[in-house]
Amino acid sequence: MAKPTRQITTSSTAEYFSKNLQQVGFSSPTKAVLTTVKEALDNALDACEDHGIAPDLNVSVEKVGNGSLKNTDRIRIRVEDNGPGIDPGDIAKVFGEYLASSKFGRGRCSRGQQGIGISAATTWAIQTTAKGVTVTTKTKGQKKAVKCLVEVDIKHNKGIIREKETVDWDRPSGTAVEFLIDGRVQLNGEAGLVNYLRGNVLVNPHMSITYTLPESGTTRIERVTKDVPEIPEAIEPHPHTMKLGEFISHARLFGKIKTANWLKQGFSRLNDKAIAEIWKQQKLAKALLDKSADGLNEKDLSGIYGAIQNAQLQPPSTQSVMSIGEEALSLSIQRLGDVDFFSVISRKPCICDFKPVQIEVAVARLKDRRGEDHDEPVQVLRFANRVPLQFDKAACAIVKAITTVNWRSYGIKQPRDALPQGPYIVAVSMVSPFIKFKNASKETIDASDELVEEIRRALMQAGQKLSRHINRESRANDHETKIAHIEQFGPILIDGLIRLTKADEKRRVNATEGLRKLLGRDAIDSEKALKVAKAQSEALDAKRHRIKMFREEDQEMESREAQKIANAEAEAAADEMAEDTDGDVAVVTSKAKATAKNKMKPAAKQVKKTAKK
């Protein structure tokens, strides 16, 4: 007897992700906490920036008991922003419906695009605590805020609103979300909450944030700039980045529109002139341009696709990418800790794999870790569209680019084919409307050859700046070592000579004074050589548009060096050389005094001029 055929059923998007939450970052209790914070924070930052509001965020993570899962805690996560708020009619879609997004597939440099992450966090909360997300939101003009509980209808991929009420809220507008989940809190390490929050502080200089973490207390970090970045308008995909199946599906989306209009409106770099040249070179039927896009058969679409792929088109526009900026990144990197030197590079937008990309790099040295014998790799901070990437570091394009740079040539220890070592932070930010991730949780960037090379060039530029600073330090250390040796062994030499020559105490005093002045002249020569080296380095940096902070720092150093030179010359001109009875010490004439004073005047004027600046 034949077995009955099983009925084929369909599943909703929510049902699929509820059974595969590991694909969107909820693969362990530790990652669940970090991913929940990340999704709520990304949504808050995007909402503020879309409306030109400087973000002021409050993040709270606290343990409230034992979790229902083994070896977990019950964690309350709350993220509050000062953004525009959410329309009450959209709350269920935002937090309870998968693939509900205003930015899906738009080709825009925003943090969230797919509409999956925050709904997945709601699903995790329901699965572990049987409770969804509590949302409090208020739009401008509302007298009271709306507070409700949002859950996910797994079967139908819909958001369900429960316990809706209006409450008083002192904010003029904004949104607060509160999750109660099972998880484990990891504070330190590359996958820790502290590292994630510090990463957001670095790439969002316009953000103020207050965060409270278990066993760490409350931390407040103020913004360093009031300029809210403008998110460029979305661009259409370049036809050379599409596969045949995607090209055909794209045509069906536009419906009853002429093929010529579909090509111009649906793709970048296809205008009337480019289309006419493609049709002429590939000898396509002109009647195809007047047909409806959704009326073309697969043969026609395959012919058009092949013709476009064989045509020489302009690369995509780079106006769709945005940058943090060297000045803002320089101010922001100092919020990460006690940094004694940093190098910042912002590359011009370019095209990698027919996608517009901009790479920015910051290399900073931590002052409190200097002098230690460091065999640990540098701390790597990775960002994609200003979102910190915490996991799967080894397979990421950013890490592959870092390991291909010869950091030893820049004065940094580096094992073979590995990350460099030392008290450094290496931060790399990639911004593009079309970033190719290796998984749905967006944890690592796919490493294409063109992208790795572009990141590598930015890292090499930052390394060159760092190398010049290390060389200046090396010269200064050599100078101090020479002075220390002379100061240590000079008096011993004088004592020995006095004993051998049986000279009197006056001779000893004169010899000691002469050594001091000789030491002073030697120090001045070394300082002048060091100053010349600094000036050459600063001139080179100026050609590369060094940022304002670097210029002020170097000017202050020049002022101190000029002050030292002026003080030394003034002392040399004012002091009289003692005359030795045996003729060993020369007498300084009045003419020499006048010459020394004349030499002192330009240096003194330079000091006054520098101080005035």
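In this chain, residues are counted from 1 in sequence order. Computed over heavy atoms, backbone and side chain alike; hydrogens, waters and symmetry mates excluded.
- Geometric assessment of Lys31 against the ring of Phe391 yields a positive cation-pi assignment under the 6.0 Å and 45° thresholds.
- The shortest heavy-atom contact between Thr35 and Gly25 is OG1-O, 2.9 Å.
- One N or O on the side chain of Asn385 and one on the backbone of Ser432 form a donor-acceptor pair closer than 3.5 Å.
- Side chain of Asp87 to main chain of Gly89: a donor-acceptor pair is present (N/O by atom type, distance under 3.5 Å, no hydrogens or angles).
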Only pairs under 3.5 Å count here: list side-chain donor-acceptor contacts from residues 284-293, not counting sequence neighbours, and write none if there are none.
unit_1: Ser292; atom_1: OG; unit_2: Asp294; atom_2: OD1; d: 2.4

- Step by step, work out the side chain to side chain contact (heavy atoms under 4.5 Å, CB included) result for Arg223 and Val201. CA-CA 9 Å; Arg223 63 177 59 91; Val201 166; over 6 Å; no
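- We find that Lys438 and Glu443 are not joined by a salt bridge, their nearest charged nitrogen and carboxylate oxygen being 4.0 Å or further apart.
- Here the two rings, on Phe179 and Trp124, have centers that are 6.0 Å apart or farther.
- Residues that satisfy the ring-ring contact (aromatic ring centres under 6.0 Å, His included) test with Phe383, not counting sequence neighbours, are absent from this structure.
- Taking the salt bridge (charged side-chain N to carboxylate O under 4.0 Å, His left out) definition, one finds that Lys164 meets it with nothing, sequence neighbours left out.
- Residues satisfying the salt bridge (charged side-chain N to carboxylate O under 4.0 Å, His left out) criterion with Lys158, sequence neighbours excluded, are absent altogether.
- Contact between Gly199 and Pro388 at its shortest, heavy atoms only, is C-CG, 4.1 Å.
- Considering every non-hydrogen atom in both Arg386 and Val203, the closest pair reads O-CG2, 3.6 Å.
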- Message: Between Lys264 and Leu270, does the side chain to side chain contact (heavy atoms under 4.5 Å, CB included) criterion hold? Intermediate values first, please.
- Response: CA-CA 5 Å; Lys264 288 186 291 183; Leu270 280 180; 5.5 Å; no
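- A donor-acceptor contact shorter than 3.5 Å is absent between the side chain of Asn261 and the backbone of Ile257.
- A donor-acceptor contact shorter than 3.5 Å links the side chain of Glu246 to the backbone of Lys243.
- In terms of heavy-atom proximity, Ala462 sits nearest to Val361 at CB-CG1, 3.9 Å.
- Ring geometry, Phe247 versus Phe267: the interplanar angle falls under 30°, so the pair is classed parallel (tilted spans 30 to 60°).
- With sequence neighbours excluded, the residues forming a salt bridge (charged side-chain N to carboxylate O under 4.0 Å, His left out) with Lys393 are Glu190, listed by chain and number.
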In residues 140-152, what donor-acceptor pairs under 3.5 Å come from side-chain atoms, sequence neighbours left out?
unit_1: Gln142; atom_1: OE1; unit_2: Thr139; atom_2: N; d: 2.9
unit_1: Gln142; atom_1: OE1; unit_2: Thr139; atom_2: OG1; d: 3.3
unit_1: Glu151; atom_1: OE1; unit_2: Arg162; atom_2: NE; d: 2.9

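- By the salt bridge (charged side-chain N to carboxylate O under 4.0 Å, His left out) test, Arg382 is found to be paired with no residue, residues two or more places apart in sequence or in another chain being considered.
- By the ring-ring contact (aromatic ring centres under 6.0 Å, His included) test, Tyr211 is found to be paired with no residue, residues two or more places apart in sequence or in another chain being considered.
- For the residue pair Ser208 and Asp56, no side-chain donor N or O sits within less than 3.5 Å of a side-chain acceptor on the partner.
- Partners of Trp279 under the side-chain hydrogen bond (donor to acceptor under 3.5 Å, both in side chains) rule, at least two apart in sequence or in another chain, do not exist in this structure.
- Under the 3.5 Å distance criterion, with hydrogens and angles disregarded, a donor-acceptor pair is assigned to the side chains of Ser346 and Glu360.
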- Query: So Asn297 and Asp300, side chain to side chain contact (heavy atoms under 4.5 Å, CB included) or not? Walk me through it.
  - Reply: CA-CA 5 Å; Asn297 56 42; Asp300 293 336; 3.1 Å; yes
- Item | Full working for side chain to side chain contact (heavy atoms under 4.5 Å, CB included) between Val59 and Thr210 | CA-CA 6 Å; Val59 179; Thr210 302; over 6 Å; no
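- Among residues two or more places apart in sequence or in another chain, the side-chain hydrogen bond (donor to acceptor under 3.5 Å, both in side chains) test is passed with Tyr305 by none.
- Applying the ring-ring contact (aromatic ring centres under 6.0 Å, His included) criterion to His240, with sequence neighbours excluded, gives His238, Phe354.
- Shown here for Ala44 and Leu57, the closest heavy-atom pair between the two residues is CB-CD2, 4.1 Å.
- Taking the ring-ring contact (aromatic ring centres under 6.0 Å, His included) definition, one finds that Phe17 meets it with Tyr98, sequence neighbours left out.
- For Asn157 and Glu15, the side-chain atoms include no donor-acceptor pair closer than 3.5 Å.
- Within the 4.5 Å cutoff, side-chain heavy atoms of Pro205 are placed close to those of Ile324.
- Judged purely by atom type and a 3.5 angstrom limit, Ser119 uses its side chain to pair as donor or acceptor with the backbone of Glu97.
- Each of Glu454, Gln461, Glu453 was compared with Arg457 under the side chain to side chain donor-acceptor pair (under 3.5 Å) criterion, and only Glu453 meets it.
- Residues Ala120 and Val24 come closest through the heavy atom pair CB-CG2, 3.8 Å.
- Salt-bridge check for Arg78 with Glu80: passed, with a basic side-chain N closer than 4.0 Å to an acidic carboxylate O.
- Thr175 places no side-chain N or O within 3.5 Å of a backbone atom of Gly83 that could act as its donor or acceptor partner.
- The side-chain contact (heavy atoms from CB on, under 4.5 Å) test with Ile402 singles out one residue from Leu419, Val452, Ile455, and that residue is Leu419.
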